[in-house]
Structures are given as C-alpha cells and as structure tokens.
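Take a look at the structure set out below.
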Amino acid sequence: MAKLMTEQRFASPDDVYQLLIDSHRDLTPDQSTRLNAKLILLLANHIGDAEVLAEALRAARQGVE
Amino acid sequence: MHATFSYPKYSFTPSDEQRTGTVRRHPVVVIGAGPVGLTAALDFARKGVPVVVLDAEDTVSVGSRAVCYAKRALEVWERLGVGQRMIDKGVVWKIGKVFNGDRMVYQFDLLPEPDHKIPAFINLQQYYLEDFLVSEALKSDLIDLRWLSRVISAKQEADHVVLQVETPDGVHAVEAGWVIACDGARSSVRKMLGLDFQGEVFKDRFLIADVVMKADFPAERWFWFDPPFHRKQSALLHMQPDNVWRLDFQLGWDADPEEEKKPERVIPRVQAMLGADTPFELEWVSVYTFQCRRLERFRHGRILFAGDSAHQVSPFGARGANSGVPDADNLVWKLALVLDGKAPESLLDSYSDERVAAARENLLNSTRSTDFITPKSEMSRVFRDAVLELAVDQPFARSLVNSGRLSTPTTYTDSPLNTPDNDVFAGRMVPGAPATDAPVERDSHPGWLMEALDGRFTVLYAAGDDPVPAEVAKALDSLAAGPLPLAWHAVTERRRGIAGELVDSAGRLRERYDLAPGSVYLIRPDQHIAARWRRFDAAALSAALYRATGR
C-alpha cells in the first residue's frame with residue numbers, strides 16, 4: 001500500500017495544469033472524453049504497476065458517489 | 001439451403017433390459033452423446049469400464065455449432081485414437097488477426113514454438129466431430145450407445161442412481177452406479193436436481209451464417225471491430241472444411257432474431273462482406289445470444305456434471321467444447337480408479353475442485369472478451385474505442401485488444417492432488433500443469449512424448465547419458481507391477497537400448513521440462529504433472545502417487 005506518490009512532484013505545477021486544460025481546447029465533450037481515455041491508457045502503461053493504478057483509482061473515486 | 005453434409009440416422013434398438021422388463025445396474029451411465037459424453041465413453045472403454053450412453057436424439061449435432069477445437073482437446077482425442085482423423089479433416093490454423101475498420105491492429109500466434117505433434121487449433125464442423133466420435137465408439141464392445149433414449153427422471157439412492165428412460169417403446173428404469181451428465185447447456189438432469197445455474201446474460205445478439213464459397217482468405221481467425229462492411233459492430237471469419245466459411249456478425253440487442261434470420265436480410269450482409277460478385281450459398285443461419293454461468297459444484301453425490309451442463313461461456317475464445325473435453329479427461333481416470341477400488345470416492349471431489357477452477361478461469365476470460373466486444377456502459381465503450389485507436393501505433397495497446405482469448409488448458413495450481421515442489425525447476429511444467437509435448441524417439445522410431453502418456457500414470461526418469469541405476473529401475477518396475485496403472489520411461493540423450501526409453505535427441509524434453517540427469521516427473525493419467533524431483537526417491541514417489549489418487 002501507499003505506493004502511489006501524492007506529494008507535489010512538479011517543478012512548475014501551473015504549467016502542468018495549463019498543459020492539461022490546453023490539450024482539450026476546441027474539443028467537444030465527446031472528443032474530450034476520448035482524449036481522456038487515451039491519456040489514461042497511455043499513463044497507466046507508463047506507470048506499469050497495477051497496484052499503483054488501483055490505488056490511484058480508489059483515490060479518484062473517493063467522494064464521487 | 002446448400003448441404004455439404006448428410007446427417008447419419010442412428011437406429012433405435014431396444015435394450016435387452018427394456019425388451020425383457022429387467023432392471024440392470026450399470027457401473028456408469030453417460031447422459032448425452034455430444035463431444036463431451038462421447039469422449040468420456042471412449043475413455044471409459046480404454047480403461048476397461050463398460051459404459052451406457054443415452055441420447056435423446058438419433059443423429060449428430062444439427063446445424064452450425066462448435067467450430068474451433070484447441071490443442072488440448074485434440075491431445076485428449078489423440079490419446080483416445082480419434083485425434084488424427086479430426087486433424088486430417090479439419091482446417092489447421094494458429095494465426096489470429098484483429099482489424100479495426102480496415103486496418104489490422106493486432107496479430108497473435110497460438111503456437112509460436114516448433115516441435116509439437118498436435119496443432120494449436122483446428123476448425124471442424126461439430127457434426128463431423130461427433131460423427132467421428134460415434135464411429136469410434138461403435139467399434140467398442142464396452143460402449144452401449146442408446147439413441148432416442150431420453151432421461152425423464154433421476155433419483156439418487158445410497159449406492160446408485162435410478163434413471164427413468166423414455167424410448168419409442170415406452171418408459172423403463174435403468175440403474176447406474178454413477179451418472180455423468182453431459183446433456184448440454186439446457187441440461188435436464190441439472191433441472192431434475194433443481195440446481196442453480198447462475199451467471200450473466202449478455203445483452204447482445206449475433207448472427208451466424210455458414211456459407212459455402214470458393215474464397216482465398218487464409219486459414220486464420222479474422223476479427224473486425226467496426227469493419228467498413230458492418231459499421232459499428234463486430235464481425236468474425238473462420239475457414240471450415242468443404243469450402244464452408246463461418247461468418248459471425250454482431251447485431252446488437254435490439255435486433256429482431258426472426259427477421260435477421262431471413263435470407264433477404266442475411267444475403268446483403270454477406271455480400272457487403274465478400275463483395276457483390278463473390279458467389280456463395282447459405283448452409284446455415286442462426287441468431288444467438290449467450291450467457292456466462294456455471295454450477296457451483298460439478299459433483300452431486302453419484303451424479304457428475306461435465307461440459308456445458310456444468311458451465312456455459314460465450315463463443316469468443318472457443319472455450320465451450322474445449323473446456324468440456326478436459327472435464328471428461330479429468331473425470332474418467334478418477335472414476336475408473338474408484339470403481340476399481342483403488343481410490344476413495346473423495347477423489348471425485350477433486351474432479352469438481354479442479355474443473356470448477358478451470359471453469360472460473362474460462363468464465364473470467366470469456367466475460368472479459370465479451371465486455372470488450374459488447375461494452376456494457378458508455379464509458380466501457382469509450383475505453384474500448386480508445387484502446388482500438390491507440391493500438392494502431394502503440395504496441396502496448398495491442399495487448400489490450402480483446403476479441404476473444406483463445407482456449408488454453410488450465411494449470412491446476414491449487415489442486416490437493418499436486419505434490420508441491422521441494423526442488424528448484426525452471427519453466428512451465430509445474431505441478432498441476434498440462435504436460436507439454438516434445439519429439440522423442442521410441443522403439444527406434446520418431447515419435448512424441450504425448451504418445452507415451454497413454455492414460456496411465458507415467459514416471460519419467462531423466463537418465464542423461466548414463467544407464468538407469470539398478471535400484472531405480474527395480475523400484476519403478478515394482479510400482480509398474482503394483483495396483484495402479486503405471487508405466488515408466490527413461491529419458492536418454494542418445495539411444496541406449498533401455499526398454500521403453502524416450503530418446504530426447506533434439507533436447508526439447510530436457511529444455512521444456514528443465515531436466516537434468518536424475519530428474520523425475522510423475523504425470524497423471526490425464527497428462528497433468530503431479531510431482532517432480534531432482535533426485536529419485538522411491539518413498540517420495542509413492543507418497544506422491546498416494547496423494548494424486550486422493551488418499
């Protein structure tokens with residue numbers, strides 16, 4: 001457990017946030033959904049660790065329901 | 001419709017017991033003469049156990065059903081003497097291709113390594129398969145095939161089961177020491193016992209069209225997501241013998257099955273796929289839905305369930321017949337030992353344990369494939385489409401594309417019959433694993449390891465380049481002369497003239513079993529590994545045999 005790193009890791013957090021928002025510019029909600037799904041798959045493979053992914057998914061789901 | 005096969009009609013002959021009004025008790029009655037029931041019957045006969053097979057019909061499987069038979073099922077049939085006939089008639093294949101739109105996104109090879117006797121897969125119409133099994137069964141005096149014999153009730157007594165059997169001559173009683181219910185997904189025996197058959201129903205419909213045509217598609221499994229000829233749905237293509245091709249079109253849950261079966265609906269779909277100028281004839285059309293479900297346990301007293309009566313999967317992955325045949329393979333040697341008084345009845349519980357584990361694995365794979373092909377939610381579809389989109393350029397995404405994970409045999413990892421390893425071995429031949437094949441020379445002729453694994457327990461002793469030590473040979477000879485059916489073979493690196501030796505001149509056996517001189521393997525009658533050691537130890541071997549027979 002607690003393999004997921006949750007401390008701040010970006011050199012420039014605002015740049016990263018803007019990167020995420022900009023990547024969706026001019027997309028319809030459907031297109032954005034597609035982009036997000038592909039992004040999740042790419043990043044999940046980059047992480048390459050099902051335990052870390054499961055922990056991230058649990059954290060992300062918290063408060064959603 | 002065009003017919004490439006003429007159905008045999010097996011005649012009903014009233015049994016002596018029905019003619020004379022006597023009730024006989026048979027050691028084993030198999031209900032259902034489909035692929036699983038016939039496999040079980042052939043295996044019982046091999047082991048000298050007489051068996052009655054009751055079937056409600058008087059012909060083989062009608063129309064288009066199972067097509068793809070995997071290596072493991074073929075190995076079982078090969079052991080029973082019918083495998084080669086199926087392979088000779090069937091279409092041998094091992095490559096699968098997956099397309100998204102008109103681009104190939106993924107390709108797999110189901111048997112990438114050389115030197116196996118039996119191919120990865122064959123395609124063969126189920127009616128041929130059953131026809132071959134029936135003709136083999138008819139050769140045996142120990143198999144009593146009774147057609148038009150429908151079981152209408154089953155009552156368990158303390159030491160037998162009473163079946164009421166309805167034939168054209170009326171209803172009569174048949175008693176059985178043990179009953180193997182191989183009566184299919186709609187098993188009436190299961191209903192008679194009131195057993196739960198729980199699982200998932202998938203909200204989708206698929207059209208099967210078997211068409212006769214001359215075509216130059218290769219002998220491969222081709223699967224499309226969203227092909228140009230059938231937008232937003234999937235399609236599947238398989239080659240079968242006699243120029244018959246299996247086409248499978250996803251239709252969606254809202255499709256009307258009666259409408260979709262009509263030739264005026266089917267023909268345009270096929271033309272869209274093949275091109276308007278390809279001549280073809282329809283041989284069979286049906287619309288199906290499917291479920292993934294199983295019994296909780298496969299043994300209920302003296303009634304044992306095998307095949308679709310015990311577990312049902314989607315067709316994607318060819319895990320139906322291919323898991324039913326190993327059920328029979330697993331059960332028959334155990335029941336034969338029990339009938340012979342050489343193993344306790346509790347050995348039959350390991351049948352349920354091992355094959356329930358296999359069914360769970362098959363259901364998991366089948367359900368996952370189905371979730372990919374028929375996404376159950378909007379987000380599931382979004383991810384599925386994202387995988388397909390990424391798979392074009394990203395190698396990692398190709399492994400996520402799931403058009404059906406094709407049947408592979410189950411390793412009985414947690415089976416109580418396994419003797420856990422104490423020594424270190426590399427490779428896949430762990431206790432519980434199905435034995436893998438290797439070329440060997442036997443009696444100065446090129447042959448295969450699987451031919452030596454003939455339905456008895458088998459001990460392999462790796463002699464390397466030395467003779468077999470006298471005390472080892474003596475201990476193995478005495479085991480072979482003992483109560484359990486057992487044979488042993490020395491594995492040698494070159495021909496030494498040892499009786500029964502398997503000459504591993506290509507070194508594949510050494511490689512696949514991680515053999516070193518002195519290594520010992522104990523293999524079960526169903527060709528699964530029971531135990532292995534780095535050094536011969538007669539006491540350990542006896543203990544492992546004891547364990548593998550449920551004592």
Side-chain angles (χ1 to χ4, degrees), chain A, chain B residues 98-108 223-228 231-234 252 360-361 363-405 408 411 413:
Chain A
M1 275 301 280
K3 286 177 80 181
L4 181 72
M5 288 179 269
T6 51
E7 71 280 15
Q8 202 314 96
R9 301 186 70 216
F10 298 124
S12 174
D14 289 350
D15 287 350
V16 173
Y17 188 80
Q18 189 184 345
L19 209 58
L20 281 175
I21 302 307
D22 284 355
S23 73
H24 287 268
R25 187 181 301 145
D26 303 328
L27 296 184
T28 65
D30 277 355
Q31 289 170 326
S32 275
T33 305
R34 251 172 78 193
L35 183 153
N36 278 338
K38 288 166 71 179
L39 180 68
I40 290 166
L41 290 166
L42 283 161
L43 294 179
N45 181 65
H46 181 80
I47 293 165
D49 183 331
E51 255 182 77
V52 173
L53 181 63
E55 214 182 313
L57 286 167
R58 273 194 301 274
R61 187 157 176 138
Q62 221 158 59
V64 167
E65 286 172 291
Chain B
V98 181
F99 302 84
N100 185 26
D102 50 12
R103 301 177 72 167
M104 188 176 83
V105 289
Y106 182 60
Q107 173 171 342
F108 54 85
F223 190 101
W224 290 264
F225 292 98
D226 189 25
R231 278 293 173 206
K232 301 290 168 203
Q233 305 279 19
S234 67
R360 288 166 72 115
E361 184 177 303
L363 283 160
L364 178 67
N365 276 290
S366 184
T367 304
R368 284 175 170 175
S369 302
T370 307
D371 284 344
F372 197 88
I373 295 164
T374 304
K376 284 205 214 56
S377 68
E378 192 44 45
M379 194 45 67
S380 171
R381 179 173 293 276
V382 166
F383 273 111
R384 195 279 299 272
D385 291 346
V387 165
L388 289 171
E389 208 179 319
L390 286 170
V392 176
D393 297 315
Q394 308 288 348
F396 87 89
R398 284 168 209 156
S399 59
L400 300 176
V401 174
N402 190 343
S403 72
R405 302 286 183 222
T408 49
T411 294
T413 312

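Below, read A as the first sequence line, B as the second, and so on, with proteins coming before strands; counting in each chain starts at 1.
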- Item | Side-chain heavy-atom pair B:Met379, B:Val382 within 4.5 angstrom cut-off |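 Of all side-chain heavy-atom pairs linking B:Val382 with B:Met379, at least one is under 4.5 Å.
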- Minimum heavy-atom distance B:Val392-B:Arg398, with the two atoms named: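 For B:Val392 versus B:Arg398, the nearest heavy atoms are O-NH2, 2.9 Å.
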- Item | Proximity of residues 19-40 of chain A to chain B, residues having a non-hydrogen atom under 4.5 angstrom |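 Under the 4.5 Å heavy-atom cut-off, A:Thr33, A:Arg34, A:Ala37, A:Lys38, A:Ile40 qualify.
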- Query: If you draw a 6.0 Å radius around CZ in B:Arg368, do more than 12 non-hydrogen atoms from other residues or ligands fall strictly inside?
  - Reply: no
- Partner residues of B:Asn100 under the side-chain hydrogen bond (donor to acceptor under 3.5 Å, both in side chains) criterion, sequence neighbours left out: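 Once residues adjacent in sequence are excluded, B:Asn100 has no partner under the side-chain hydrogen bond (donor to acceptor under 3.5 Å, both in side chains) criterion.
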- Task: Please list all pairs passing the side chain to side chain donor-acceptor pair (under 3.5 Å) test where one or both residues lie in residues 4-13 of chain A, with sequence neighbours left out.
- Result: A:Ser12-A:Asp15
- Message: Quick test of your reading: applying ring pair (Phe, Tyr, Trp, His ring centres under 6.0 Å), list the pairs with at least one residue in residues 368-396 of chain B, sequence neighbours left out, ordered by first then second residue.
- Response: B:Phe225-B:Phe372
